[in-house]
Amino acid sequence: LFILVFVKFNSLLYLNNNFILMENTEIFNKKWNLNLNIKNENEKYNNEINLTNTKINNNKCISFNTIYISNYYHFIIDFLPKIFIYKELNLNNDIYITRKNFIRFQLEFFELIDFDYTKMKLFENNILFKNEMIILSDKRGIGILKEGIPKYPIECMKKLLNKLIKEKKIVKKDKKNIYITRKNSNYRHINNQEIIINLLKKYNFVIVELENISVLEQIDLFYNSNIVLAPHGAGSINIIFGDNIKVYIEIHNKNYVKMDNCFHQICDNLNIPHYCVHSNSVNNIKPHISNFEFDNLECLEKLIEENIIQ
């Protein structure tokens, strides 16, 4: 499955393969009528849109449409591959996106892949696109497709990793066993994680708060990891950057694991053994944001002992 398909839409209003967007975000949520009976351009403009203060774009354009762009996992899986396609095909199209308030980790990724993010433009009201618009769309977000996660995003991140190794920004070090804590998260954290941390001290695990380190440091950390243990969360997508990770152990809410097995699919693509240790929800909110209590310590310790570096 190739995740990013070039799609030509005939858009909200249609004439001679031109594209007109009148709302900055609604354009991606509407089912467009492709059978409009428009007799001529003047009639279309008079009856359908208000051209007051309309901006004209005569260039070929491309849209990077991603729903969950502010999420670390979806930014890597859904958004960055679009930039790789754009660069690999040497496209010159104007780039349009639906939001542009980039946060720290996104800016760091743009720098690592040598991409000038200032080239991207924001969809605004009343823009008239007079030329071709290519939309790179991933429906709901490719990272949660039931059909499975394609290999292309992983291939893109491997290209980034090889670039960083070549530049000697990432180097091999002694392997570490790491635990990714979500204690600072507003949701899906383990209320009693101290029992896990006490166990991990016995095996010299490094306890990591990913939000406190840079993207490059995260890549370096996972590249030099042996066992990766973490509650289900976006930061675990960094296993993509691993160098022969021995095992990924995921602590997951047992009421949510059937709904989201994305890391199992990614581990399959990476040939990393994946184990899921279940936990119990502690509140009655939606499973994907529920906090949980961990009560499977014996199972976890067995998995660690089977995979620990002696």
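Because the structure is a prediction, the values reported are computed rather than measured.
- Nearest approach of R182 to A234, heavy atoms of both residues: NH1-N, 4.2 Å.
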I'd like to know whether H274 forms a ring-ring contact (aromatic ring centres under 6.0 Å, His included) with F263, so could you lay out the CA-CA distance, the side-chain angles of the two residues, the decisive distance to 0.1 Å, and finally the verdict. CA-CA 8 Å; H274 170 255; F263 288 114; 7.7 Å; no
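- Between H232 and C262 there is a side-chain heavy-atom pair separated by less than 4.5 Å.
- Interatomic distance, L216 CG to L221 CG, rounded to the nearest 0.5 Å: 11.5 Å.
- A donor-acceptor pair shorter than 3.5 Å cannot be found between the side chains of Y117 and Q106.
- A salt bridge between D114 and K87 is absent, with no side-chain N of the basic residue lying under 4.0 Å from a carboxylate O of the acidic one.
- Contact of the Y72 side chain with the V215 side chain is registered, since non-hydrogen atoms from C-beta on lie closer than 4.5 Å.
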When you look at I103 and N101, which way does the side chain to side chain contact (heavy atoms under 4.5 Å, CB included) test go after all the steps? CA-CA 6 Å; I103 53 183; N101 296 323; over 6 Å; no
Evaluate N71 against D78 for side chain to side chain contact (heavy atoms under 4.5 Å, CB included), listing each step before the verdict. CA-CA 10 Å; N71 177 276; D78 300 341; over 6 Å; no
Start with the C-alpha distance between F115 and M120, add both sets of side-chain angles, then the distance that settles side chain to side chain contact (heavy atoms under 4.5 Å, CB included), and finish with yes or no. CA-CA 10 Å; F115 179 72; M120 292 187 281; 3.7 Å; yes
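- When all heavy atoms of N191 and E293 are compared, the pair lying nearest together is CB-OE2, 3.4 Å.
- Side-chain contact check for N198 versus K201: some heavy-atom pair is nearer than 4.5 Å.
- Judged by distance alone, the side chain of D116 and the main-chain N or O of T118 form a donor-acceptor pair under 3.5 Å.
- In K159, the NZ atom is crowded: over 12 heavy atoms of neighbouring residues, nucleotides or ligands sit closer than 6.0 Å.
- More than 12 heavy atoms of other residues, nucleotides or ligands sit less than 6.0 Å from atom CD of E306.
- Between I77 and P153, the shortest heavy-atom contact is O-CG, 3.5 Å.
- With a 4.5 Å cut-off on side-chain heavy atoms, K202 and E301 count as touching.
- Between I245 and N226, the closest heavy-atom pair is CG2-O, 3.3 Å.
- Remark: the backbone N or O of K173 is not paired with any side-chain donor or acceptor of Y223 at under 3.5 angstrom.
- In this structure, CE on M157 lies 14.0 Å from CD1 on I239, to the nearest 0.5 angstrom.
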Could you check I113 against F84 for side chain to side chain contact (heavy atoms under 4.5 Å, CB included), going step by step and ending with a plain yes or no? CA-CA 9 Å; I113 65 174; F84 276 78; 4.1 Å; yes
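- Taken to the nearest 0.5 Å, the NZ atom of K176 stands 8.0 Å off from the CG atom of N224.
- Between L80 and I76 the shortest heavy-atom distance is CB-O, 4.0 Å.
- With 3.5 Å as the limit, one finds a donor-acceptor pair spanning the side chains of T181 and Q193.
- Taken from CG in D243 to CD1 in I170, the straight-line distance is 11.0 Å, to the nearest 0.5 Å.
- By the neighbour-count criterion of 12 heavy atoms within 6.0 Å, atom CG of N212 is densely surrounded, having more than that number from other residues, nucleotides or ligands.
- Looking only at side-chain heavy atoms (C-beta outward), I266 and Y73 come within less than 4.5 Å of each other.
- Between the side chain of N192 and the backbone N or O of F294 there is at least one donor-acceptor pair closer than 3.5 Å.
- Remark: aromatic rings of F110 and F75 are close, center separation under 6.0 Å.
- Shown here is E88, whose CD atom has more than 12 heavy atoms of other residues, nucleotides or ligands within 6.0 Å.
- In the displayed structure, N92 atom CG is contacted under 6.0 Å by at most 12 heavy atoms of other residues, nucleotides or ligands.
- With contacts defined as side-chain heavy-atom distances shorter than 4.5 Å, the pair V208/Y179 does not qualify.
- At a threshold of 4.5 Å between non-hydrogen side-chain atoms, the residues F102 and I97 count as touching.
- Here the straight-line distance linking atom OH of Y152 with atom NZ of K82 works out to 11.0 Å at 0.5 Å rounding.
- For the atom pair CG (L112) and CD (E167), the distance works out to 8.5 Å, reported to the nearest 0.5 Å.
- When every heavy atom of L297 is checked against every heavy atom of I195, the shortest pair comes out as CD1-O, 3.9 Å.
- You'll find the ring centres of Y248 and F222 outside the 6.0 Å limit.
- Residues N177 and I304 fail the side-chain proximity criterion, which asks for heavy atoms closer than 4.5 Å.
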